Number of protein chains: 2
Amino acid sequence: MAKETKNTLRDSVYSALKAMIVTGQIPPGSRVTENDIAAKLTVSRTPVREAFNRLERDGLVTGRPRQGYVVTEFDINMFREAFEIRELLDGHATELAAAAATEADKARLRAMLAECERLAAIPERTNREKFQELEVGIDLHRVIAEISGNVMLHGMLCGILDKCQHYVWTELLWLDEWKIARDEHAEIVDAICAGDASRAGTLARAHVRGSRDNVLRLLQAKSDYRNFLAKAS
Amino acid sequence: MAKETKNTLRDSVYSALKAMIVTGQIPPGSRVTENDIAAKLTVSRTPVREAFNRLERDGLVTGRPRQGYVVTEFDINMFREAFEIRELLDGHATELAAAAATEADKARLRAMLAECERLAAIPERTNREKFQELEVGIDLHRVIAEISGNVMLHGMLCGILDKCQHYVWTELLWLDEWKIARDEHAEIVDAICAGDASRAGTLARAHVRGSRDNVLRLLQAKSDYRNFLAKAS
DNA sequence: GCATGCTATTTTGTATACAATTTTGAGTGT
DNA sequence: ACACTCAAAATTGTATACAAAATAGCATGC
């Protein structure tokens with residue numbers, strides 16, 4: 001993940017806050033105050049404010065006047081919407097990438113696949129290594145969007161992935177069906193390397209739908225479980 | 001266009017600046033300083049800064065550290081990218097809208113069409129009335145996206161339309177082929193009202209491609225003209 | 001005349017002070 | 001025990017002061 005910490009405080013705070021949110025260190029739904037962050041990062045409130053403004057525009061926090069900011073909480077419906085859009089954008093980006101990928105691009109994609117395999121093959125891996133595998137898997141989609149050559153498409157897709165990423169850290173760790181995702185990623189990269197845009201796009205769209213189903217099933221189960229607990233008490 | 005001027009200065013400044021940029025009052029490529037805007041709106045620099053932060057996130061201005069902000073200048077390639085994404089998103093949104101539109105929604109769309117026709121039928125209309133027609137035409141797409149029910153899709157589409165809108169004010173006024181757009185809009189609304197998602201989506205995608213071709217042709221002609229001038233001198 | 005270097009101005013980056021508003025909690029009366 | 005009022009605390013909204021950096025213009029030397 002590109003850290004991109006420019007030399008202004010505002011950008012550092014923005015990166016730091018975004019990382020904390022995306023990785024779930026600040027859990028969704030929690031309230032965050034400017035003073036807390038300013039104190040924690042030992043800066044004044046001004047750069048913190050500006051960072052919050054940008055995060056709000058990114059959709060990662062929502063703030064109401066004089067009531068502070070809340071880390072955006074995604075419900076099932078929002079995920080459904082996000083994946084619906086991802087199917088469109090990711091599918092198209094993958095088609096474009098298949099037509100535009102240079103040899104260097106293809107090597108880069110294959111290297112990322114190999115890294116995933118390596119991380120997956122570690123015998124008794126820690127959570128840190130699981131996280132790494134997940135992150136590389138998501139980054140693969142970012143890189144494909146970058147290869148597509150459509151800068152705006154890349155930016156929008158990154159925005160959605162940022163918003164969806166936190167569920168990875170908080171939820172998806174429970175799942176262990178990652179082999180499917182690895183295989184699908186490999187197929188997509190294969191199609192891109194073969195220059196088969198149509199197949200690559202179809203595979204990408206199916207892959208997004210599959211991810212969506214996994215996530216939605218997981219969230220649904222969690223919701224049911226909460227309801228069960230509430231009724232039992 | 002929803003003005004949405006909340007009661008904080010920051011939001012007012014944001015709306016005001018955005019309107020000035022989108023309508024081309026501040027032309028693309030021009031430099032804008034915080035002090036100028038603060039003085040013009042008689043507020044301090046703080047809310048202006050925050051507005052700029054959000055606008056930068058919207059992609060309407062680009063700012064480099066300690067060098068001020070510049071209204072984003074779109075070249076042909078950016079428009080090509082934007083329209084490529086619009087074809088995806090607008091097409092999908094229109095499909096969804098056709099499946100989801102209530103009677104009230106349909107009435108709203110028809111009213112917007114009627115307003116376009118009314119404005120187009122005015123005998124010797126001023127620029128102001130031409131602008132209005134264009135704006136309603138763009139708003140139609142925003143409303144369709146809203147009707148789709150996918151909030152995130154609606155937001156993203158509005159973001160792209162905002163970015164593309166300024167060309168309308170600066171360039172498209174030269175064109176006079178709006179009747180085509182009006183007819184296409186009418187066809188799309190018809191398909192939505194008939195609940196024919198597939199046809200609505202196909203029409204919407206074709207409509208976006210048509211708009212793209214118009215805009216790109218215009219920009220290309222302008223570019224050629226500039227080159228001609230440069231060589232002649 | 002032209003390049004170079006220095007200063008003066010402009011402009012943003014950051015911190016802090018103050019105002020306005022919302023929330024919270026205690027206290028009182030019923 | 002409950003509701004209501006009022007005040008204090010917490011929190012953001014705005015303004016301003018100061019620091020740092022970049023730009024522009026002028027003077028100087030060749």
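Predicted, not measured: the structure shown is a model, and the values here were computed from it. Here is the naming used below: chain letters follow the sequence lines, and residue numbers restart at 1 for every chain.
Remark: B/Gln67 is not in phosphate contact with C/dT12, judged by side-chain N or O atoms under 4.0 Å from OP1 or OP2.
When the P atom of D/dG13 is taken as reference, atom CD of A/Glu34 falls 6 Å away, rounded to whole Å. Between the CG atom of B/Leu41 and the C1' atom of D/dG13 there is a distance of 17 Å, given to the nearest Å. Regarding A/Ile37, its CD1 atom lies at a distance of 15 Å from the C1' atom of D/dT12, rounded to whole Å. The CG-P distance, from A/Asp36 to D/dT11, rounds to 7 Å in whole Å. The nearest whole Å value for the distance from the CZ atom in A/Arg64 to the C1' atom in D/dG13 is 16 Å.
With A/Gln25 contributing its side chain and A/Ala19 its backbone, the two residues share no donor-acceptor pair below 3.5 Å. Side chain of A/Ser211 to backbone of A/His207: a donor-acceptor contact under 3.5 angstrom is found. A donor-acceptor pair under 3.5 Å is formed between the side chain of A/Asp105 and the backbone N or O of A/Thr102.
Comparing B/Val32 and A/Arg31 by the nucleotide of DNA chain C whose heavy atom lies nearest to each, the residue mapping closer to the 5' end is B/Val32.
Between A/Asp11 and A/Arg54 there is a salt bridge, with a side-chain nitrogen of the basic residue lying less than 4.0 Å from a carboxylate oxygen of the acidic one. Between B/Glu133 and B/Arg125 there is a salt bridge, since a side-chain N of the basic residue sits under 4.0 Å from a carboxylate O of the acidic one.
The minimum heavy-atom distance linking A/Ile85 with B/Leu153 is given by the pair CD1-N, 3.4 Å.
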Footprint string (nucleotides 14-19 of chain D, 5' to 3'): B base within contact, S backbone only, - free, heavy atoms under 4.0 Å: BBB---

